[in-house]
Amino acid sequence: MKIKPTHVLVPTLGAAIAIAAASVDFWDTSKASILTALSVIGAGVLVRLARGLPFTNIDQFQVDEARRISAAIKQSIRALRVLILVILFTMVSLVLAKGLAVAASAQWPSASHAFQFGISGLIGLLLSYILVRVTAVIEGDVGLVDLQAEFFVRAVERKQADRFDKAQSRSTTTPVENPKDYGKIIQ
């Protein structure tokens with residue numbers, strides 16, 4: 001997967017907005033609904049990971065097509081692995097955010113605001129990153145389906161061409177021949 005400027009910009013912007021607008025108390029209050037949404041996204045990722053290589057008939061592919069499809073699927077699976085790890089880390093961060101903020105405030109009262117800003121920024125960064133990654137995974141899967149469709153059409157074209165060639169070679173009818181003097185000028 002290519003890293004696009006939006007893959008860096010959106011999470012950075014999400015962290016900045018979270019630092020400015022969301023407190024640790026906000027994240028603690030919103031924790032249940034965010035964890036539910038992350039669970040649904042994570043379940044979708046796990047289902048997608050379980051799909052594996054979605055081909056059973058290898059006869060339809062040429063070697064270069066099989067290599068391209070395999071490379072695309074490997075790239076997609078690796079991206080999904082990173083996404084599921086970030087989702088799990090974000091879930092743990094949401095659960096521990098309030099407790100870490102309280103413990104840090106008790107230990108270092110003068111740095112209480114800095115810890116709260118840091119925790120809030122981290123959660124904003126992670127949630128924004130998940131949004132970007134989910135979008136990238138969807139885009140990658142659409143590209144994979146386009147590639148699969150292209151190769152499917154090629155395979156059908158090859159199979160039809162083979163059938164036509166076999167039918168032509170088995171044909172017992174003699175080709176039409178022109179009469180001996182056909183096309184000869186009569187005058």
Side-chain angles (χ1 to χ4, degrees), residues 1-17 33-91 124-187:
M1 182 181 119
K2 290 184 177 181
I3 295 180
K4 299 177 182 176
T6 54
H7 294 169
V8 176
L9 183 64
V10 171
T12 304
L13 186 62
I17 291 171
S33 57
I34 295 171
L35 287 174
T36 301
L38 290 175
S39 296
V40 170
I41 293 169
V45 169
L46 289 174
V47 166
R48 176 61 183 84
L49 280 168
R51 186 174 92 170
L53 193 61
F55 298 106
T56 55
N57 184 4
I58 61 169
D59 296 336
Q60 65 185 350
F61 293 108
Q62 291 182 341
V63 175
D64 64 317
E65 293 171 344
R67 285 185 179 132
R68 284 182 57 198
I69 276 283
S70 296
I73 290 173
K74 284 180 186 178
Q75 181 180 4
S76 176
I77 294 298
R78 287 184 179 105
L80 289 169
R81 179 178 56 194
V82 170
L83 178 58
I84 196 71
L85 292 174
V86 171
I87 288 170
L88 292 172
F89 183 72
T90 304
M91 293 171 100
L125 176 90
L126 291 170
L127 289 173
S128 300
Y129 180 76
I130 289 170
L131 174 69
V132 168
R133 294 298 302 163
V134 165
T135 305
V137 165
I138 291 168
E139 185 179 313
D141 275 1
V142 168
L144 183 59
V145 168
D146 289 344
L147 191 62
Q148 288 172 320
E150 176 187 337
F151 293 158
F152 175 73
V153 169
R154 282 188 197 171
V156 170
E157 288 171 348
R158 284 190 298 267
K159 191 156 190 106
Q160 291 295 329
D162 287 345
R163 283 184 189 161
F164 179 76
D165 290 342
K166 286 178 183 176
Q168 289 294 86
S169 68
R170 282 188 265 160
S171 178
T172 58
T173 60
T174 58
V176 177
E177 290 185 27
N178 293 331
K180 183 176 177 184
D181 292 334
Y182 183 78
K184 182 178 177 184
I185 298 177
I186 298 177
Q187 298 180 3

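These numbers come from a predicted model, not from an experiment.
- Side-chain atoms of Thr135 come within 3.5 Å of backbone atoms of Leu131 as a donor-acceptor pair (strictly under, hydrogens ignored).
- Under the 4.5 Å side-chain criterion, counting only non-hydrogen atoms from C-beta, Val153 is in contact with Glu157.
- Between the CD1 atom of Ile87 and the OH atom of Tyr129 there is a distance of 10.5 Å, given to the nearest 0.5 Å.
- To the nearest 0.5 Å, the span separating CD on Glu139 from CZ on Arg133 amounts to 10.5 Å.
- Inter-residue side-chain proximity for Leu38 and Leu127 is flagged as met; some heavy-atom pair is nearer than 4.5 Å.
- None of Val132, Thr6, Ile130, Leu126 except one satisfies the side chain to side chain contact (heavy atoms under 4.5 Å, CB included) rule with Pro11; the exception is Val132.
- Within 6.0 Å of atom CZ in Arg154, more than 12 heavy atoms from other residues, nucleotides or ligands are found, so the atom counts as buried in its surroundings.
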Could you give me the CA-CA distance, side-chain angles and deciding distance for Arg81 and Val45, then say whether side-chain contact (heavy atoms from CB on, under 4.5 Å) is met? CA-CA 8 Å; Arg81 179 178 56 194; Val45 169; over 6 Å; no
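- With values rounded to the nearest 0.5 angstrom, Ile84 atom CD1 is found 7.0 Å from Leu49 atom CG.
- Interatomic distance, Ile73 CD1 to Gln148 CD, rounded to the nearest 0.5 Å: 6.0 Å.
- To the nearest 0.5 Å, atom CG of residue Leu83 and atom CD1 of residue Ile41 are 7.5 Å apart.
- For the pair Arg68 and Leu147, the minimum side-chain heavy-atom distance is below 4.5 Å.
- The shortest distance between side-chain heavy atoms of Leu144 and Ile69 falls below 4.5 Å.
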